[in-house]
Protein chains: 2
Amino acid sequence: MYRNFEHYKNERAALIQRDRSLRTDHSEVLSEEEIKADRVLREIRAVEAATIWNEKYSDIEHPFPGMEFLTGRSIVVQTKLFKILSKARVLLATPFNTWVQLHTARDTFNASLAPTRRIAHIILLIRSGTNLLASLPFLEDWSTFVPVWRKYIYEFLRSSAEDGISYLEARVMFSMEYMIGEDGAQNVPHREWLLIFDEVQNALKADLRAQGKEDEFIGARIIYTALRFIPTEELDWFCEDCISLKKEFPHLIAGFDLAGPENIPPPLINYAEGLLRFRERQREEEVDIPLLLHAGETCGDGTHADMNLYDAILLGSKRIGHGFSLVKHPSLMQECREKGVLVEVCPISNEVLRLTSNMPMHPLPILLNNGVPVSISSDDPGVFGNPGLSFDMYQVLASSEITGLITLRELARDSLKYSTLDPETKERALDHWNRRWESFVKWVADSSS
Amino acid sequence: MYRNFEHYKNERAALIQRDRSLRTDHSEVLSEEEIKADRVLREIRAVEAATIWNEKYSDIEHPFPGMEFLTGRSIVVQTKLFKILSKARVLLATPFNTWVQLHTARDTFNASLAPTRRIAHIILLIRSGTNLLASLPFLEDWSTFVPVWRKYIYEFLRSSAEDGISYLEARVMFSMEYMIGEDGAQNVPHREWLLIFDEVQNALKADLRAQGKEDEFIGARIIYTALRFIPTEELDWFCEDCISLKKEFPHLIAGFDLAGPENIPPPLINYAEGLLRFRERQREEEVDIPLLLHAGETCGDGTHADMNLYDAILLGSKRIGHGFSLVKHPSLMQECREKGVLVEVCPISNEVLRLTSNMPMHPLPILLNNGVPVSISSDDPGVFGNPGLSFDMYQVLASSEITGLITLRELARDSLKYSTLDPETKERALDHWNRRWESFVKWVADSSS
């Protein structure tokens, strides 16, 4: 069967190569510096797995790399691997939500601005530390008060840029028709939200320019998001609203999504007819608003949430939000690979929301080994304590022996490649990203000598 | 893109078909009775998910189908779905170990037989309820006292037959050279273990015949298992021992395995040369002992335990024990599908040992959707409280909307098809199984009218 053991080992190496041949980090041309930096990261990871993750902690039972984030966070921040990642400043995000860190929002919150007792009450609830999930709807209410929202957006963009995120596409929930204005009246329409968003990002760009950091932030766009609980017949209203916003602010609207816990009906198929009509209407109005749909955020097998993946793919979604259960579907992974549909994977969110119990159990390696384009994204980072993307990237890097520097490079680069930027801007963004990547790699490689 | 919504729905149905086309339960010819019985099971499952799994229990927080087995067991046994499965008496196992239910062993244990204080001490430890994992090595010691082992084997085979298992291949650990005999001396060699095993199964067959149940149990064979911690140079000894046992008891030795926690070195590759030599020696001695190797019992990605899968496949293993991390490897799944390598999946063991936190998180659907042959197997059932296979089957059936009666049929049938029985006996066993399956299906179908 094998001529000798050498023959066996050659066949083994060939099989491993074949098994990994679909990975985007496979058989890429690497620079000398990348090879060296990759080795540095792997060495640090191995050493830290045997030391800092192998010690006894009075408050953390059985620590391990990739463990439950909220429990292991205090160890993560002590690691050299995390420090390298969080200094990377080269990564990119398509975060799911517009939260900023809770403590920042609290510290910058001016109680006298609160127009209603309800908002003050919410602040108190948050201060007293309510249940995490129960607090999400409150936070949503809270962030719809314009002066707060303005600070939110600024802090969200600033902290993202600080973590090395040069461009982002943020889902903004347009389910309520008006935000609460400075006068306390609920009268601020959607188009003003976009004006404010633009104003805020321009202010940040000016601030960064003043600090000589204008290169670090290209900008942000909005994924128009409606709640996947609206009656089917109301979908048209949101689609028309999105079209008119896209016509007025073509540079700000990146795409369209329907979001909400998928284990609660209705399934995506109920909106399929409306979304096909939306595509027709875009043709008539000569605009292009890609679908960037949430789907498959579930452990279910054949449940509505799992079946949503078929609809996301068939409706032509350019990216899939979460796509956690995609790994069960060989044909859908093939579609994603062949048609270039990227999955926005949110490692920490998946774990905190108990789709997986820790990172070693996370199905991300299955997506990577099947050549499905992936970006690492954050989801409610302010709530989960994982601002930016360095924490999510850490969890990914720490929990696999295969993933290394080149995997991070492909994940970051793909998140730009699969962004909704027009070709020319994308080219510029990728050039800019490459320069920053090279300097990061050099910095890591040099750190070992 | 789609002519109309009908067109969309047709494309959707076609995509779902394509996505499931590799499943062994797909596009099989079904009898009227099977269609009806499948509907009955699905209805019961849906009703029980909404009722018995949706109630409040003082001792069980957030119950759900497929939840942690040790916590949810008391609900499982109340369900109609479990009662149907445990009456099935049509399924087949390749259990991993030779344990019987602890309470049975305790109840039938005669303290006066204990030849040493050590064994009595172990009994006490078990009686007082020691830590689950810590107790495993003790149990191993305990079961190597011949009078206990004899009772063990009998009770293991009897309870398996009672649960509907008509044939089984049990891993027996041959790592110690001698068992402790009735005289208290450690002097019972391997060939006597096999004589006892044969004696015991013949006694059980006689007892079943006396009860008019001779049809319910075809027999059991042994998978010769060495510990995957032995120095590489010691492997030859076990291989030669296995060959000489196979020559003396060709009907009893089913295959060869190396077992032990895979997260602890050495990896399988260290034994690869020895196992290739084993194959050569079998040719010289004109015996055929298939490898049935443990591999990939891990959440790791690229760790030694994960890499063991490459060696198991390359060494020509006919089945893979556990294979938990196989789902990460597209090429290895293809090899298993094309070369007919079956994975022995142990749902409850995987969950109790924390490879997965519950059944919805278990990767089994990925194996099924990729057309990898699978059998549902048990692992230390006496320790985990899941005698036979009905509990494992329940966990599988309860946690997927796709899995149904036909999936169970294929899982059970494949476990016979991929057994090591000679072609003629296998044919007879399958005929026998088919008859029992038909009567089970009829019983389920009729139960609804």
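Each chain gets a letter, A, B and so on, in the order the sequences are listed, and its residues count up from 1. This structure is a prediction, so every number in the text was calculated from the model and none was measured.
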inquiry  = Can you tell me which of Thr303(A), Thr403(A), Ile269(A), Thr356(A) forms the most heavy-atom pairs within a distance under 4.5 Å of chain B?
reply    = Ile269(A)

note = Looking only at heavy atoms, the pair that brings Met361(B) and Ser357(A) closest together is CE-OG, 3.7 Å

request  = Check Val345(B) against Pro347(B) and note the closest heavy-atom contact, atom names and distance.
outcome  = O-CD, 3.3 Å

request  = Heavy-atom pairs under 4.5 Å with chain A are the metric here; pick the option from Arg20(B), Arg12(B), Met333(B) that has the most.
outcome  = Arg12(B)

ask   = Does NE2 belonging to His26(B) count more than 12 external heavy atoms closer than 6.0 Å?
value = yes

message = Is Leu15(A) close to chain B through its backbone or its side chain, or both, or neither, when contacts mean heavy atoms under 4.5 Å?
response = both

ask   = Do you know which of His362(B), Lys9(B), Met307(B) has the most heavy-atom pairs with chain A at a distance under 4.5 angstrom?
value = Met307(B)

note = From the list Cys299(B), Pro363(B), Gly66(B), the residue making the most non-hydrogen contacts under 4.5 Å with chain A is Cys299(B)

remark   = Bottom line for Leu368(A): the part with an atom under 4.5 Å from chain B's heavy atoms is neither

request  = Return the option, out of Ser21(A), Pro330(A), Gly302(A), Gly316(A), with the maximum number of heavy-atom pairs under 4.5 Å with chain B.
outcome  = Pro330(A)

message = With a 4.5 angstrom heavy-atom cut-off, is it the side chain or the backbone of Glu280(B) that approaches chain A, or both, or neither?
response = neither

ask   = Taking Glu11(B), Lys328(B), Glu273(B) one by one, which has the highest count of heavy-atom pairs under 4.5 Å against chain A?
value = Glu273(B)

task = Please look at Met359(A) and chain B and tell me whether the side chain, the backbone, both or neither of the residue comes under 4.5 angstrom of a heavy atom of that chain.
result = neither

remark   = So, the part of Asn358(A) with a heavy atom under 4.5 Å from chain B: the answer is neither

ask   = Under a 4.5 Å heavy-atom cut-off, does chain B meet the side chain of Leu355(A), its backbone, both or neither?
value = backbone

Ionic contact status for Arg277(A) with Glu284(A), cut-off 4.0 Å = no

task = Among the options Val327(A), Asn370(A), Asp311(A), pick out the one with the most heavy-atom pairs lying under 4.5 Å from chain B.
result = Asp311(A)

task = Consider only side-chain N and O atoms of Asn369(B) and Arg23(B), and report whether a donor and an acceptor are under 3.5 Å apart.
result = yes

request  = Determine, for Glu335(A) against Arg18(B), whether the closest basic-nitrogen to carboxylate-oxygen distance falls under 4.0 angstrom.
outcome  = yes

query = Which bit of Ile402(B) comes within less than 4.5 Å of chain A, counting heavy atoms only: side chain, backbone, both or neither?
reply = both

request  = Taking atom types as modelled, find out whether Tyr2(A) and Asn10(A) have a side-chain donor-acceptor pair closer than 3.5 angstrom.
outcome  = no

message = If the threshold is 4.0 Å, N to carboxylate O, is there a salt bridge linking Arg354(A) and Glu351(A)?
response = yes

request  = May I ask you to say whether Arg283(A) pairs ionically with Asp288(A), meaning some side-chain N is under 4.0 Å from a carboxylate O?
outcome  = no

inquiry  = Distance alone, cut at 3.5 Å: any donor-acceptor contact between the side chains of Asp306(B) and Ser325(B)?
reply    = yes

request  = Sort Gln334(A) into side chain, backbone, both or neither according to what part of it lies under 4.5 angstrom from a heavy atom of chain B.
outcome  = neither

